[in-house]
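Bear in mind the structure is a predicted one, so any value in this text is a computation, not a measurement. Labels below follow one simple rule: chain letters A, B, ... track the order of the sequence lines, proteins then strands, and each chain is numbered from 1.
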4 protein chains.
Amino acid sequence: MTEQNKHLLEEMLQEDESLTEKQKQILVAATEMFAEKGFAATSTNEIAKKAGVAEGTIFRHYKTKKELLLSIVTPMMVKMLAPFIIKDLNKVLDKEFEHFEDFLRAMIKNRQEFLEKNLKVVQIFLQEIPFHYELREQFIEHVGKKVLGRFTQIVEHYQIKGQITNMPPTTVIRLTASTIMGYFVTKHVIGANWNDVEEINQMITFLMKGLTAEN
Amino acid sequence: MTEQNKHLLEEMLQEDESLTEKQKQILVAATEMFAEKGFAATSTNEIAKKAGVAEGTIFRHYKTKKELLLSIVTPMMVKMLAPFIIKDLNKVLDKEFEHFEDFLRAMIKNRQEFLEKNLKVVQIFLQEIPFHYELREQFIEHVGKKVLGRFTQIVEHYQIKGQITNMPPTTVIRLTASTIMGYFVTKHVIGANWNDVEEINQMITFLMKGLTAEN
Amino acid sequence: MTEQNKHLLEEMLQEDESLTEKQKQILVAATEMFAEKGFAATSTNEIAKKAGVAEGTIFRHYKTKKELLLSIVTPMMVKMLAPFIIKDLNKVLDKEFEHFEDFLRAMIKNRQEFLEKNLKVVQIFLQEIPFHYELREQFIEHVGKKVLGRFTQIVEHYQIKGQITNMPPTTVIRLTASTIMGYFVTKHVIGANWNDVEEINQMITFLMKGLTAEN
Amino acid sequence: MTEQNKHLLEEMLQEDESLTEKQKQILVAATEMFAEKGFAATSTNEIAKKAGVAEGTIFRHYKTKKELLLSIVTPMMVKMLAPFIIKDLNKVLDKEFEHFEDFLRAMIKNRQEFLEKNLKVVQIFLQEIPFHYELREQFIEHVGKKVLGRFTQIVEHYQIKGQITNMPPTTVIRLTASTIMGYFVTKHVIGANWNDVEEINQMITFLMKGLTAEN
DNA sequence: AATGAATGAGTCTTCATTCAT
DNA sequence: TATGAATGAAGACTCATTCAT
């Protein structure tokens, strides 16, 4: 797990050159601990120790503990949504994914890769969203408005093509998203003993059958 | 919300006569606050004030803050699963639900009623499960072993009848559960502007089509 | 140890008929715990539990925790001194103990029996005396004035007889008492591996030689 | 009394440069209060106030209240024993103290000076030893094993020279130690009205006579 | 006489944050 | 930039004591 997380932080450090070495250590340590024990139950003292940094150093970079949390979660949220907000998505769509199933498959694969890279940060996000209105607002701002809009277009696209049922697009999205998230959660909880390829196929079969257009 | 929660606590107080009046006030207040701010961010001082009780009184009844949390969540978990562990479930099944769809519909309705009554406690449970291994263990103990077993029987029952697909029962259960939980979550988040009957129908249509047996 | 202690409490209960059954249980439990953990570190809650009594019951009989302590220690102190305050001590002395050595031997034996019976209470007394002026005052009142007076007479008696050195009686008493108490303390600390008869003989030899009159 | 204690702390502060100014204030205040009221009855709040320091500061330096106690008592115990563990003690012995009486006198003087400097800490040690197994263990470790061994050698040395009785060395040590400690305790309790020179002479006379070799 | 629920002041300890160096 | 000592408010929890039953 530590391995995967390194990637995220490495990206951060490579992309954002303004970050001090110590600052990076703080971000790594905080991510680790927030994921494990939760934001409220993690003390800045612990983070400092784990990061090999003086406690004061944390507050030199982040005015408050909460700012530290947001500085971890916010960029993830932006990145998470990036692929869906790219302007020429429609073009890509039309060309690349003749069938809804192909789109589904591509999206699942893409999200899976993202999750593997950002597992801890996503975990923090999900754990903390009930307690911080800032997170909820960010989520609504980004996902609720932008992503949902995109997805609606996409769903309508395939509905027009007659490939999927004519339910309201939001409902289609909800059913699809629930299924995929249920898959990720179960996989994450089960851990081993999990035949990935098989399960994905079954899930896609289920989705395609469930969403198929009434003849 | 307070309204619905009263039900749970009222049951508690009526069934469990060993509870002091003050103790009940503590349970109500703690439930309220844990749901709202989370366990770690709620202080026993706050709970005491909200309950109109001295702080010491809390600890006279619950040795630790965590014990208070568990005393709220544990009984809910037991109750939550009760309907699925009733001994003559199979009999009921055979007689009452000729078709899988009827079973689904009944279960959704039943769970929905349960949720409405215990919204806050369920919320606490979901929010806190990442941070307390006791909750995870209880969940595995009860759900993982008992409920999953029951559901497996049920799914196999309908598979044999040829009503649903021959995927592994656990997969069927996962797909179904994901869909239903996604429905509850969305409903809870959206709040208003929600056509319940319509959404349930669409969900069931989706599930039935998705799980239909390949003839 | 519990065994020996029972004796003390049994005496208490037999002599003092005004004591309730519960009250006796409280005294036994409190003695046990005060000896083990010290007065300040023992809670009335613990005492109540150990005594099998409600916490309120303690305060029905003893207005404060300190009163409970004193009600344990004070009677012991009175009893401890009793033998030395008996009016006809001199008579007894003259007749029974021709030599100082016999007096010493008798006293050591007598004190030893007392200690065995009241080990815990004496322990409490010694542990708590630095922290409670009441205990110091009681001790001065009883020992400082009464016992010291008696002993002075006794020492002078043997000095006149030419059996012991002519140092000031208080010094003789101090040297003798130090030696005897050192013996008890060491015995108590060592526990096993202790040849009682031998050690007492050596101690008496030491004392007799050390206190012998310069001819 | 405060005067004498300053010495100890002053040494601490001069030798141990790692101690903060505040930390020293904490040690002084804690020593004062522990001696006066006992460990269990002294609150960290009191200590902080007396030290002119925030309560949190105490716990920045000492993880627990008990650690504070030990950090006061442990170094004293080490220092207390130092003179007896010096490697060339035998050499010193042979050359400096031809007679056991001289050795006794030197030791009493030496211990007296030590006590005067460390009165409070020794008091704390004696008061708390019944309640903290750590103190008992430290004492056994240091005194029981190291010091007792040295003293045995010394006693045997004078026994071989025919200056003192042939009782088992441990018994000789016990008798001597009891006498000396009885002297210190009485002196401390009596306070004034105490002719030091006279009392020491009488004590040594007593000891020398009591321990003299049987011709 | 005995209970045990209730109290609120007090306990030790932790925390996020500040600030002089 | 980084430190780490210092803070004081707040945290969970304990305590001796009271009081209605």
Q | Involving DNA chain E, stems made of at least three consecutive Watson-Crick or G-U pairs, both distances under 3.5 Å | A | E:2-21 with F:2-21

Can you tell me which nucleotide in [options] comes closest to the side chain of [X]?
| X | options | result |
| --- | --- | --- |
| D/K65 | E/dT13, E/dA2, E/dA6 | E/dT13 |
| A/T20 | F/dA2, E/dA2, E/dA5 | F/dA2 |
| C/K22 | E/dT3, E/dT17, E/dA5 | E/dT3 |
| A/F59 | E/dT17, F/dA2, F/dA16 | E/dT17 |

Q: Please name the residue in the list C/E32, C/E46, C/E128 that meets the salt bridge (charged side-chain N to carboxylate O under 4.0 Å, His left out) test with C/K37.
A: C/E46

Q: Identify, residue by residue, the members of residues 34-54 of chain D with a heavy atom below 4.0 Å from DNA chain F, and return them in order of residue number, or none.
A: D/V53, D/A54

Q: Salt-bridge test for A/K49 and A/E55: reply yes if a basic N is under 4.0 Å from a carboxylate O, no otherwise.
A: no

Q | Separation of F/dC19 C1' from B/R60 CZ (nearest whole Å) | A | 13 Å

Q | C/E55 CD to F/dA20 P, straight-line distance once rounded to whole Å | A | 18 Å

(Q) Classify D/Q23 by what it touches in the nucleic acid, base, sugar-phosphate, or nothing, heavy-atom distance under 4.0 Å. (A) nothing

Q.
Could you check whether atom NZ of D/K63 has more than 12 heavy atoms from other residues, nucleotides or ligands sitting under 6.0 Å from it?
A. no

